[in-house]
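For reference, the structure is listed below as C-alpha cells.
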Amino acid sequence: MVKTIFIGDVQAGKYDGQEVELMGWVKRSRGSNKIRFVVLRDSTGVIQCVVKKDAIGEESFEQVKGALIESSIKITGMINADERADGGHEMVASSIVIVGSVNPEHPFPITESAMKAADGGETEFLLDNRHLYLRTSRMTSMLQMRSTVFGAIHNYFRDLDFTEYQAPNFVAGAVEGGSTLFEVPYFPTEKNPERKVYLTQSWQLYAEAAMPALERLYTIAPSFRAEKSRTRRHLTEFWHAEMEVAWATNDEIMSHGEGVVRKIASDLLENRSTELESIGRDLELIARYADSPYPRMRYDEAVETLQGMGVDVEWGQDLDYSKEKVLTQDFDVPHFLTHYPKIAKPFYHRVDPDEEKYVLCHDLLAPEGYGEIIGGGERTWSEAELLARLDEEGTDKAAYQFYIDTRSYGGVPHGGFGLGVDRVCSWLTGADHIREVIPFPRDSRRVSP
RNA sequence: GCCGAUUUAGCUUAGCUGGUGGAGCGUGGGACUGUUAAUCCCAAGGUCGAGGGUUCGAACCCCUCAAUCGGCGCCA
C-alpha cells in the first residue's frame with residue numbers, strides 16, 4: 001500500500017479528469033440518504049468527495065454514513081475542477097474502503113465546540129488530548145513550520161562548514177546557578193549510595209571542550225530547566241540551538257545570531273507562507289524580520305532609555321521581562337543588547353578588557369513581546385581569569401575541573417550563543433503560547449500525555 | 001518561591017436571594033439527491049472536581065484537599 005497521490009497535488013490541478021485513489025482521514029461528512037459529501041484530509045490538504053448511492057451501491061453507501069470523523073479511508077474516483085467544492089476540486093467517488101473505523105461509543109473528541117473555545121490557542125481539554133489535537137489543521141501547520149525552522153538552522157550552520165556536535169544530557173554539574181537543575185537518581189556506588197546526576201541545561205560547557213578540535217560547532221538539542229515558570233515563554237524541556245566558534249569576537253557571534261534568525265524567517269516565508277497565512281500571520285512582518293538588519297544597543301543605553309521612559313531601573317540590574325517588554329514595545333525588528341554589567345552575569349562571560357565593569361555578551365530580544373530568543377557572547381578563556389571569576393562568585397571549582405582544564409592547554413578567545421528554538425517558532429508564528437509550537441509540551445505542571 | 005482564578009453531560013456552557021439541573025455541538029434513530037460547521041424531527045446521556053461542615057433543604061454558603069489555567073520572579 002504505497003501512497004503516491006496527495007491531496008495538495010490534487011487541489012493544485014495535477015489530476016484533473018483522472019480516476020485516482022486517495023488515502024486519508026474523514027474531516028467532516030454530511031448529506032442525505034442519496035448523496036453524501038465526505039471531506040477527506042491528509043498531511044497536504046483537504047478535498048470534498050461526493051458519494052452517490054447510485055454510483056457505489058447501497059452497502060458501501062451505508063458504510064460511508066457510518067464512517068465518523070477521523071475514520072481512515074481509501075476512496076477511488078474521478079477528479080474534477082468544481083467551483084462548488086472548497087479548494088476548487090472534488091472527487092466523484094466510484095468505490096470506498098474503510099481502513100480504520102471509529103467506534104460511535106467514543107467518537108473523536110476534538111469537536112468544533114472544543115476548537116472554538118480554544119480560539120486558535122489551547123485549552124486544558126486540548127492539552128489533555130494532545131495526541132489527538134496534533135492532527136488538526138492548526139497543529140499540522142505548526143509542526144510543518146517547526147520542521148522548517150529546524151531545517152533552516154541546520155542549513156545555516158552546515159553551509160558555513162560548522163560541525164554538528166553532541167553533548168551528554170546526563171551531567172554532573174550546572175552551567176548556571178544551582179537551583180534550576182532536574183535531579184535524576186543514578187546507579188548507586190558504594191561510596192555514593194544516593195548518587196544523582198542532572199539533566200543538562202546547556203550544551204555549552206561540553207562544546208567548549210571540543211572547540212579546540214572542531215573550531216566551528218553547533219547543535220540542536222533539548223535542554224532542561226527546573227524553573228517553576230508559569231509564562232507563555234517557558235518550557236521545562238525546550239529545544240536549544242547552540243553554537244561555539246574559536247577565535248571569535250562578540251560582534252562576530254552576534255552576526256551569526258542575526259544570520260540564523262533571518263535565515264529562519266526567510267525560509268519560513270519561502271516555504272511555509274500558506275501555513276503562516278492559515279494561522280493568520282502577517283507575511284509582511286516575517287519579510288521584515290528576514291530582510292532588515294538587527295540593531296545593536298549597549299546595556300547602558302537601554303537603561304537610560306528605560307529611565308527616560310520613567311521605568312524604575314538601576315544600573316547593574318539584569319533586565320527582567322517587564323523591562324524587556326517596555327523596551328521592545330516600540331521595536332519593529334529584533335534588537336541586540338550588549339555589554340551587560342559583570343555583576344549581572346555568570347562567570348563564563350568574558351570581562352571586557354577595555355572596561356572591566358562590563359562583560360562581552362549579548363541578548364537578542366524579539367519584538368511583539370516575545371522576549372529574549374538568544375543569549376551569548378565571548379567566554380572567559382584564560383585560565384587565570386576563569387579561576388578569579390569562579391572565586392569572585394564563590395562557585396565550587398570541583399565540578400568545573402574539566403572546564404578549567406580546557407583553558408590550561410592552549411586556550412584561545414572564543415564564544416557562542418544559545419537560541420531558544422521553540423521561542424523563535426512561537427514568535428514567528430505569532431503563537432499565543434510557546435506550548436502551541438511543540439508537539440508534547442512539558443512545563444512545571446504538565447508532563448502528559 | 002509568590003499572587004490571582006477556574007472546576008456543571010464526551011465537548012462548550014446557562015443555572016437569580018439556598019427550594020426537583022436547562023441548552024448547543026457530538027452520538028443513536030428518522031426525513032431529505034449538491035451539501036459547505038448542511039437542515040428539520042425524536043431519543044439517550046449528570047455522584048454539579050473530591051472529602052467534610054452549616055441547613056428542614058446545597059451546583060450555590062463555610063473549611064480542607066486535588067487538578068488545571070493566568071501572571072510575577074528566573075531564563076532560551
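Every value quoted in this text rests on a predicted model; they were computed, and no experiment measured them. Chain letters run A, B, ... following the sequence lines, proteins first and then strands; every chain starts at 1.
Proximity of residues 430-441 of chain A to RNA chain B (heavy atom under 4.0 angstrom from any strand atom) is restricted to A:H433, A:R435. Contacts between residues 32-47 of chain A and RNA chain B, defined by a heavy-atom separation under 4.0 Å, are made by A:S32, A:N33, A:K34, A:I35, A:F37.
Residue contacts for A:I373: at a heavy-atom cut-off of 4.0 Å it reaches the sugar-phosphate backbone alone, with no base atom in range. Within 4.0 Å (heavy atoms only), A:G31 reaches at least one base atom of the nucleic acid. Base contact: A:H234 has a heavy atom under 4.0 Å from a base atom. Here A:D128 lies out of heavy-atom contact (under 4.0 Å) with every strand. Among the heavy atoms of the strands lying under 4.0 Å from A:I374 are primed sugar atoms or P, OP1, OP2 only; no base atom is included. Residue A:E90 is in base contact, counting any heavy-atom pair closer than 4.0 Å across all strands shown. Heavy atoms of A:F238 sit under 4.0 angstrom from at least one base atom. At a threshold of 4.0 angstrom between heavy atoms, the contacts of A:K53 with the nucleic acid are absent.
Evaluation of the side-chain contact (heavy atoms from CB on, under 4.5 Å) rule for A:R298 yields A:T338, A:H339, A:E355, A:Y358 as partners, not counting sequence neighbours. In terms of the side-chain hydrogen bond (donor to acceptor under 3.5 Å, both in side chains) criterion, A:T249 has no residue partners (sequence neighbours excluded). Scored by the side-chain contact (heavy atoms from CB on, under 4.5 Å) test, A:W25 finds A:R41, A:E70, A:S72, A:R135 as partners (sequence neighbours excluded).
Counting only Watson-Crick or G-U wobble pairs whose defining distances are both under 3.5 Å, the stems of 3 or more consecutive pairs in RNA chain B are B:1-7 with B:66-72, B:10-13 with B:22-25, B:27-31 with B:39-43, B:49-53 with B:61-65.
One finds no side-chain N or O of A:R423 lying less than 4.0 angstrom from the OP1 or OP2 phosphate oxygen of B:A76. Residue A:R233 places no side-chain N or O under 4.0 Å from the OP1 or OP2 atom of B:C74.
In this structure, of B:C75, B:A67, B:U33, it is B:A67 that holds the atom nearest to the side chain of A:E124. Relative to the side chain of A:F125, the nucleotides B:G10, B:A76, B:U36 differ in distance, and B:G10 lies closest. For A:K52, whose side chain is taken as the heavy atoms from C-beta onward, the closest listed nucleotide among B:G73, B:A37, B:G34 is B:G34. Distances from the side chain of A:L127 to the nucleotides B:A76, B:C69, B:U36 place B:C69 closest. Among B:C74, B:U33, B:U36, the nucleotide with an atom closest to any side-chain atom of A:Q48 is B:U36.
Ionic pairing of A:R230 and A:D443 is not present here: no N-O contact between side-chain nitrogen and carboxylate oxygen is shorter than 4.0 angstrom. In this structure, A:D267 does not pair ionically with A:R272, as no charged nitrogen and carboxylate oxygen lie closer than 4.0 Å.
Of the N and O atoms on the side chains of A:Y218 and A:E242, not one donor lies less than 3.5 Å from an acceptor on the other residue.
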Report all side-chain donor-acceptor pairs from residues 14-24 of chain A shorter than 3.5 Å, counting only partners two or more places apart or in another chain.
unit_1: A:K14; atom_1: NZ; unit_2: A:D9; atom_2: OD1; d: 3.4
unit_1: A:D16; atom_1: OD1; unit_2: A:H89; atom_2: NE2; d: 3.1
unit_1: A:D16; atom_1: OD2; unit_2: A:H89; atom_2: NE2; d: 3.4

For residues 100-111 of chain A, run the donor-acceptor check on the side chains, cut-off 3.5 Å, and write out each pair with its distance to 0.1 Å, sequence neighbours left out.
unit_1: A:N103; atom_1: OD1; unit_2: A:E105; atom_2: N; d: 2.8
unit_1: A:T111; atom_1: OG1; unit_2: A:S113; atom_2: OG; d: 3.0
unit_1: A:T111; atom_1: OG1; unit_2: A:A114; atom_2: N; d: 3.3

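When each of A:K65 and A:E372 is assigned the nucleotide of RNA chain B with its nearest heavy atom, A:K65 is the one assigned upstream, toward the 5' end.
Nucleotides B:G52 and B:A38 have their P atoms positioned 46 Å apart, rounded to a whole Å. One P atom belongs to B:G24, the other to B:C48, and the distance between them is 22 Å to the nearest Å. Nucleotides B:G4 and B:C62 are separated by 16 Å at their P atoms, to the nearest Å. The gap from the P atom of B:A58 to that of B:G51 amounts to 15 Å, rounded to the nearest Å. Using C1' as the reference atom, B:U64 and B:U27 are 39 Å apart when rounded to the nearest Å. If you take atom C1' in B:U13 and the same atom in B:G19, they sit 24 Å apart, rounded to whole Å.
If you look at A:Y299 and A:Y340, their ring centroids are closer than 6.0 Å.
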Check nucleotides 23-27 of chain B against the protein and report each pair of N or O atoms closer than 3.5 Å, with its distance, or say if there are none.
unit_1: B:U27; atom_1: O2'; unit_2: A:P104; atom_2: O; d: 3.2

Tabulated below should be each protein N or O lying under 3.5 Å from an N or O of nucleotides 40-46 of chain B; please produce it.
none

Please tabulate the protein-to-nucleotide N/O contacts below 3.5 Å involving nucleotides 2-6 of chain B, giving atom names and distances.
none

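Side-chain N/O atoms of A:S322 and base N/O atoms of B:G73 include no donor-acceptor pair closer than 3.5 Å.
Between the side chain of A:T429 and the backbone N or O of A:M142, no donor-acceptor pair lies under 3.5 Å. For the pair A:R36 (side chain) and A:V51 (backbone), a donor-acceptor distance under 3.5 Å is absent. Between the A:T44 side chain and the A:I7 main chain, a donor and an acceptor come within less than 3.5 Å of each other.
Cation-pi check for A:R233 over A:Y370 is not met; the charged atom does not lie both under 6.0 angstrom from the ring centroid and within 45 degrees of its normal. Geometrically, A:R296 engages A:F336 in a cation-pi contact defined by less than 6.0 Å to the ring centre and at most 45° from the axis.
Tested against A:H131, the residues A:L134, A:D128, A:N129 include a single side chain to side chain contact (heavy atoms under 4.5 Å, CB included) partner, A:N129.
Within the structure, the salt bridge (charged side-chain N to carboxylate O under 4.0 Å, His left out) test picks out the following pairs touching residues 333-352 of chain A (sequence neighbours left out): A:K342-A:E392, A:K345-A:D363, A:R350-A:E378.
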